[in-house]
Every structure is written in structure tokens, then in C-alpha cells.
K.L.:
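Following this message is one structure expressed as C-alpha cells.
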Amino acid sequence: MTPELGLVHFQVLAAALFCLGLYGVLARRSVVMILMSVELMLNAVNLNLVAFGAFRGEATVVGQVIVVFVITVAAAEVGLALAIIMRLYRGRGSVNVDDIDLLKG
Amino acid sequence: MSLALFYVVAAVTVVAAVGLITARNIVHAALFLLVALLGVAGLFVLLYAEFLALVQLLIYGGAIVIVILFALMLTRSGEFDTVTEHRRWPVAAVVSAGLFVLLVAASVGDSGLYNSQVRTGVEFETLGRTLFELWAIPFEIASVVLLVALVGAVVVGRSVGGDGEPEDTP
């Protein structure tokens, strides 16, 4: 590890956040829990984009612009996903992914 | 100095993320998510991305966590009181740990390529100009995405049976 704050620090932190989110997505059974883990993964990606932009020097704006778009799409995703969760809960009385098998053959 | 700050903020973020994925109580998980998102906002400040830190605070901390808490309030069923993990959670743990090792190895292995220690921030004006000039069309498309998501959420989440529509029973 370099004594100064470098890009590697942010990369390792983003990797940790992403993998924690991945574990949440794969291991938890509540749909809301999975949604929150996906948010965590998106934040890890945003952190990487901003960190690369900040440490590269030139063309540094593009990373931040993409982060703005990612946040926009994440907001839309959460709104829509929660509407679907409401609908599922009303129809089936459960938010457990093991119970949601409508498309299972 | 900034390294010490980084370690403090990173520790808060990682602890909150671990709490998020291990919390028994799902409301606690949502609050842990809030702390993790605030931690990421702090890291944005460390990267001189003040605008994104503000956006993170307002949209994630202000809007998304509140909406998730509302959804939890409306769908609490107490079915996750005892066992919340999937039966195959060790597989998930192995996959996540493997990916983490891989990513860290790649980052540390490549660190010689990007060994700049200089962080350059972006001024608000530059960001705004880029967003509204170079990225104007994606920006407009993003507004359409938001509109479609809004209408879709209203249609999907509409109270079934309130306007004569039969309740769907799968």
C-alpha cells in the first residue's frame, strides 16, 4: 500500500462494497433486501467511476456525468420495483423470493 | 491527513454495508443502507465531487431510503423473523469472496499504471455545461425514463379493485 491516498484505496473499497451487495442479492430471501443490496452495488460502481475520473486528470467530467445518469436510473428502478413489490404482496401476501415462482415451468 | 479521513469514512461505509446484509430486522437493514449511502457521499467529497455528494444526499438519503421504508411499512409480514438467508448462502459467500479476491488482485496488480496521487475536482460549471451540451440527448432520454417509470409505478401499484378492476389471484 502506498502511504498516500491513491486510486487503489478506492478500488478496493468499491470492490468490497460490490461483493457485499452481491452476497446480499444472492443470499437474502426478502425482495426488499435484494433491492437494497442492488443499490449498494450501484453505489460501488459510482464510486469507481468518480475515483477513476478524479485520478485520471484529463476527461474527468465524463465519469461524474455517467454517475448522474446511474443515479437517475436507480431512482426510476426503485420506484418501479417497489410498485411491483406492493402488487406482489397484495396478490400473494409474501415478499419471499422462494414463493414467487409464477414463471416456473 | 486525507488518508486518515479516507480510512474513517471507508470503515463506516463497510461496517454499514456488512450490517445491511446481515441484519435480522429489515428496518435496521434500511437504516444501515442509509449510513452506507452517506458514507459514499463522504467519499465523493474526498474525491472533490461535491455536486455528486449533494445529489447522493438528496436523492439516495432523502428519497430512495424513505421510499424503501414506506414499502417496508406496507409489506411487513413477520415472515423473516427467524431465518432470512437462503438455504444456499454458503455458495453466495464463496462467490462473493472469490470475486472480491479477483477484483483486489486486478486493482493492486494494475496500480502501477495509475499511480497518480493527484485528485482533480470538477467545477459545478464544467459539469453543468458538459451535461447540458455534450450529453443533452442522453439527458432528455433520462427524463423520459423517469416519466415512464413514474407512470408505470402508478399503473402497477394502483389499488386493485378500487376502480372496478377485479383482484388478480395467481
Side-chain angles (χ1 to χ4, degrees), chain A residues 3-13 15-17 19-20 22-24 26-30 32-33 35-37 39-40 43 46-47 50-51 54-55 57 60-61 64-65 67-69 71-76 78-80 82-87 89-96 102, chain B residues 2-3 6 10 14 17-18 20-21 26 29 33 36-37 40 43-44 47-49 52 55 59 64 67-68 71-72 74-75 79-80 84-86 89 92-93 95-96 99-100 103-104 107-108 111 114 116-117 119-120 122 126-127 130-131 135 138 142 145-146 149 152-153 156-157 160 168 170:
Chain A
E4 282 288 305
L5 181 58
L7 179 59
V8 184
H9 296 85
F10 287 95
Q11 278 181 298
V12 171
L13 177 63
L17 288 181
C19 294
L20 286 169
L22 182 66
Y23 174 79
L26 292 176
R28 301 303 293 258
R29 292 191 304 165
S30 165
V32 185
M33 205 56 225
L35 192 66
M36 288 194 278
S37 302
E39 292 304 316
L40 198 62
N43 265 277
N46 285 350
L47 188 60
V50 178
F55 281 102
T60 182
V61 201
Q64 297 206 12
V65 172
V67 170
V68 171
F69 288 125
I71 291 178
T72 311
V73 175
V78 166
L80 211 45
L82 290 176
I84 293 173
I85 291 170
M86 289 296 160
R87 188 68 173 249
Y89 183 72
R90 243 187 264 131
R92 309 178 73 96
S94 165
V95 288
N96 185 340
L102 275 175
Chain B
S2 61
L3 192 64
F6 171 83
V14 170
V18 171
L20 164 66
I21 62 169
I26 200 160
L33 176 69
L37 296 175
V40 173
L43 292 164
F44 283 165
L47 287 165
Y48 301 124
L52 288 181
V55 168
I59 297 186
I64 290 184
V67 171
I68 287 177
L72 288 178
L74 295 172
T75 60
E79 64 179 313
F80 294 108
T84 56
E85 261 91 16
H86 204 273
W89 69 268
V95 169
S96 310
L99 182 65
F100 178 66
L103 286 173
V104 169
S107 310
V108 175
S111 61
Y114 310 102
S116 163
Q117 311 290 349
R119 283 162 290 161
T120 45
V122 177
T126 321
L127 183 60
T130 316
L131 194 58
W135 293 76
V145 167
L146 279 178
V156 171
V160 186
D168 53 345

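Every chain is numbered from 1 and lettered A, B, ... according to where its sequence line falls, protein lines coming before strand lines.
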K.L.:
Pick from A/Asn43, A/Ile71, A/Val67: which one has the most heavy-atom pairs with chain B under 4.5 Å?
P.N.:
A/Asn43
K.L.:
What option among B/Val55, B/Val95, B/Val104, B/Val40 has the most heavy-atom pairs under 4.5 Å with chain A?
P.N.:
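Sorted descending by pairs with chain A, the first entry is B/Val40.
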K.L.:
Within this structure, what is the CG-CG distance for the pair B/Leu52 and A/Asn46, rounded to the nearest 0.5 Å?
P.N.:
8.0 Å
K.L.:
Go through B/Ala92, B/Ala142, B/Ala93, B/Ala36 and name the one with the most non-hydrogen pairs under 4.5 angstrom from chain A.
P.N.:
B/Ala92
K.L.:
Can you list everything that forms a side chain to side chain donor-acceptor pair (under 3.5 Å) with A/Glu39? Sequence neighbours excluded, please.
P.N.:
B/Tyr60
K.L.:
Partners of B/Thr126 by side chain to side chain donor-acceptor pair (under 3.5 Å), sequence neighbours excluded?
P.N.:
none
K.L.:
Closest approach of B/Ile68 and A/Met36, non-hydrogen atoms and distance?
P.N.:
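Heavy atoms of B/Ile68 and A/Met36 come nearest at CD1-CG, 3.8 Å.
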K.L.:
Can you name the closest pair of heavy atoms from B/Ala49 and A/Gln64 and give their distance?
P.N.:
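In terms of heavy atoms, the two residues are closest at CB-NE2, 3.3 Å.
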K.L.:
Identify which part of A/Val78 has an atom lying under 4.5 Å from any heavy atom of chain B, answering side chain, backbone, both or neither.
P.N.:
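Side chain of A/Val78 only, per the 4.5 Å heavy-atom cut-off to chain B.
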K.L.:
May I ask you to name which of B/Val18, B/Leu47, B/Leu103, B/Ile64 has the most heavy-atom pairs under 4.5 Å with chain A?
P.N.:
B/Leu47
K.L.:
Examine whether an atom of B/Phe100 lies under 4.5 Å from a heavy atom of chain A, and if so say whether it belongs to the side chain, the backbone or both; otherwise answer neither.
P.N.:
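Both parts, heavy atoms under 4.5 Å.
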K.L.:
Can you classify the ring geometry of A/Phe69 versus B/Trp135 as parallel (below 30°), tilted (30 to 60°) or perpendicular (above 60°)?
P.N.:
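Rings of A/Phe69 and B/Trp135: tilted, as their planes differ by 30° to 60°.
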K.L.:
Given heavy-atom pairs under 4.5 angstrom as the criterion, report whether the side chain, backbone, both or neither of B/Leu99 touches chain A.
P.N.:
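Both backbone and side chain.
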K.L.:
Rounded to the nearest 0.5 Å, what's the gap from CZ on A/Phe10 to CG on B/Leu43? Could you check?
P.N.:
6.0 Å
K.L.:
Less than 4.5 Å to any heavy atom of chain B: does that hold for the side chain of A/Leu47, its backbone, both, or neither?
P.N.:
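The answer is both parts of A/Leu47.
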K.L.:
So how far is it from A/Met33 CE to B/Leu20 CG, rounded to the nearest 0.5 Å?
P.N.:
4.0 Å
K.L.:
Which atoms of B/Leu127 come close to chain A, meaning under 4.5 Å heavy atom to heavy atom: side chain ones, backbone ones, both, or neither?
P.N.:
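Both the backbone and the side chain of B/Leu127 come within 4.5 Å of chain A.
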K.L.:
Quick one: closest heavy-atom pair of B/Leu74 and A/Tyr89, and the distance?
P.N.:
O-CE2, 3.5 Å
K.L.:
Rounded to the nearest 0.5 Å, how far apart are OG1 of A/Thr72 and CG of B/Leu146?
P.N.:
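Those atoms lie 6.0 Å apart.
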K.L.:
Ignoring hydrogens, what is the shortest heavy-atom contact between A/Leu20 and B/Ala17? Give both atom names and the distance.
P.N.:
CD1-CB, 3.6 Å
K.L.:
Contact part of A/Leu13 toward chain B, heavy-atom cut-off under 4.5 Å: side chain, backbone, both or neither?
P.N.:
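Looking at A/Leu13, just its side chain touches chain B.
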K.L.:
Using non-hydrogen atoms only, which part of A/Ile84 is less than 4.5 Å away from chain B: side chain, backbone, both, or neither?
P.N.:
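Both parts, heavy atoms under 4.5 Å.
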K.L.:
Let me know if B/Ala71 has heavy atoms under 4.5 Å from chain A in its side chain, its backbone, both or neither.
P.N.:
both
K.L.:
So which residue, B/Ser96, B/Ala149, B/Ala29, ends up with the most heavy-atom pairs under 4.5 Å with chain A?
P.N.:
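Looking at each option in turn, the highest pair count goes to B/Ser96.
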K.L.:
So which of A/Ser37, A/Gly79, A/Ala76, A/Gly24 has the largest heavy-atom pair count under 4.5 angstrom toward chain B?
P.N.:
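That would be A/Ala76.
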